[in-house]
There are 2 protein chains.
Amino acid sequence: MTVGRPRKIDPDIILENAMQVFWEKGYEGSSMADIMRATGMHKGSLYQTFGDKKSLFMAALERYLDGMFVEQQQIIKTHDDPTAAIRAVLFHLLEYAHINDQGGQQQRGCMAVNSLVDSAPYDDDICQLLEQKKQRMIGSMVQVIEQIQAANPQQLTRPVEVVTALIGVAMEGLSIEMKNNMDPDMAKAVLDQQLQLLGI
Amino acid sequence: MTVGRPRKIDPDIILENAMQVFWEKGYEGSSMADIMRATGMHKGSLYQTFGDKKSLFMAALERYLDGMFVEQQQIIKTHDDPTAAIRAVLFHLLEYAHINDQGGQQQRGCMAVNSLVDSAPYDDDICQLLEQKKQRMIGSMVQVIEQIQAANPQQLTRPVEVVTALIGVAMEGLSIEMKNNMDPDMAKAVLDQQLQLLGI
DNA sequence: TTTTTTGTTGACCGAGCGGTCATAAATCAA
DNA sequence: TTGATTTATGACCGCTCGGTCAACAAAAAA
């Protein structure tokens with residue numbers, strides 16, 4: 001076994017709880033006191049484990065993005081029909097933005113989109129992290145869309161880049177609307193319309 | 001003339017400068033010191049004139065929204081063709097989000113969309129103000145869209161509410177993308193594609 | 001048991017925050 | 001000139017913030 005006093009709490013659980021706080025309140029809006037409350041750790045330990053607030057935030061954001069990506073890959077894997085796969089992924093994303101298990105009355109939206117507005121513009125590191133993970137997600141979406149095109153060439157009349165751009169923009173818009181209490185069913189209906197327009 | 005010491009600066013100019021700060025940095029990100037610097041007023045005067053920080057922010061936000069609305073009405077008035085009118089309004093909105101005359105290297109996005117993410121979720125008053133102004137804007141857009149439908153019934157295959165929802169979501173998404181340095185020409189291209197999809 | 005290593009704790013720090021207020025300054029009315 | 005009225009100023013206040021650190025606790029190694 002390793003030398004020294006053992007950890008009281010698994011750092012992964014700490015990160016998960018910290019992520020929930022950042023997701024709900026944003027970077028600036030979350031104080032270290034909030035995170036202490038949510039994690040049960042004292043600030044000294046948090047700083048020793050994660051460095052500073054920004055590093056903790058970026059670790060939490062990466063956890064969020066990676067967790068989401070894994071879920072998406074699983075969804076894609078469980079669908080044979082690529083159209084069904086992409087729809088399932090996007091509707092799952094909406095569900096993700098809707099849930100708020102911190103007990104707040106407000107919906108949380110997508111943590112990535114939230115960060116895009118309130119953190120990324122003021123920090124290049126966060127900006128880069130988001131861009132990198134976004135490219136990864138677009139990459140896997142492109143694969144699925146190309147499957148659709150291969151199976152049914154006349155279904156999609158527009159280039160893949162246009163389709164992904166329009167989907168991305170719509171998802172970001174919906175995340176914001178949901179954060180401002182758009183009815184989740186309404187959000188799903190809007191997404192459905194957008195996908196119909198695109199032929200998906 | 002009125003009794004008492006005259007104002008050093010027109011409150012309207014103060015509000016304009018304060019708005020620029022809030023637009024660029026958001027509500028939480030703007031300190032009263034920032035606003036003092038931008039307006040040339042000392043905090044005592046600001047508090048006497050506007051009450052508190054939130055009231056100042058709401059006044060600035062309302063100024064932004066009303067200014068934008070007036071510009072939109074003018075654009076609509078100068079176009080006979082309703083399709084051209086609605087396109088002009090939306091492309092003008094993109095231009096509006098792109099300009100950054102504070103000298104920052106970052107684009108500002110739309111102040112309303114920014115507020116939707118970083119202020120509205122935590123304050124009912126701001127939320128209400130944004131909702132009210134949004135309804136006003138949707139109202140005037142509905143009028144134009146109904147003109148399109150009246151002139152050419154088979155151009156728009158979907159209900160007005162669906163069209164406005166899809167446009168709104170796309171504009172919000174584009175505002176975020178532009179805030180994260182999407183090329184303005186790219187943003188225009190995406191908007192053009194979205195409008196083509198809708199038959200506008 | 002003693003030493004070494006690692007994790008935990010909470011008091012403490014300087015800085016910046018939003019907001020207040022007594023005082024000074026600038027105008028008009030008398 | 002004097003007093004009333006309004007605006008401008010900046011020192012000041014209490015609070016919260018992110019971050020530090022020396023003392024303490026718990027385990028393995030000696």
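In what follows, chains are A, B, ... by sequence order, proteins preceding strands, each numbered from 1. What's counted below: heavy atoms across the whole structure, side chains too, no hydrogens, waters or symmetry copies.
Put simply, NZ on A/K25 is 13 Å from C1' on D/dT16, counting in whole angstrom units. The distance between atom CE of A/M36 and atom C1' of D/dT16, rounded to the nearest whole Å, is 13 Å. Rounded to whole angstrom, the span from the OH atom of A/Y27 across to the P atom of D/dC17 amounts to 13 Å. Here the P atom of nucleotide D/dG19 and the CZ atom of A/F50 are 14 Å apart, to the nearest Å. The distance between atom CD1 of B/I14 and atom C1' of D/dA8, rounded to the nearest whole Å, is 11 Å. Rounded to whole Å, the distance from CD1 on A/I35 to P on D/dG19 is 10 Å. Rounded to whole Å, the distance from CG on B/D52 to C1' on C/dG18 is 9 Å. The interatomic distance linking B/R37 (CZ) with D/dG10 (P) rounds to 15 Å, in whole Å.
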With the criterion being N/O to N/O and under 3.5 Å, what pairs connect the protein with nucleotides 8-11 of chain C, and how long is each?
unit_1 : atom_1 : unit_2 : atom_2 : d
C/dT8  : OP1    : A/K8   : N      : 2.8
C/dT9  : OP1    : A/K8   : NZ     : 2.8
C/dG10 : OP2    : A/H42  : ND1    : 2.9
C/dG10 : OP2    : A/H42  : NE2    : 3.0

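Remark: the B/S45 side chain and the B/R7 side chain contain no N/O donor-acceptor pair separated by less than 3.5 Å. One side chain, A/D192 or A/Q196, offers a donor N or O that lies under 3.5 Å from an acceptor on the other. Side-chain contact of B/Q20 with B/E16: a donor-acceptor pair under 3.5 Å is present, judged by distance alone.
A/N114 contributes atom CG, which lies 10.0 Å from atom CZ of A/R108 (distance to the nearest 0.5 angstrom).
A cation-pi geometry, defined here as NZ or CZ lying under 6.0 Å from the six-membered ring centre and within 45° of its normal, holds between B/K53 and B/Y27.
Salt bridge present: B/E177 and A/K134 bring a charged side-chain N and a carboxylate O closer than 4.0 Å.
Ranking D/dA29, C/dG18, D/dC17 by closeness to the A/S31 side chain, first place goes to D/dC17.
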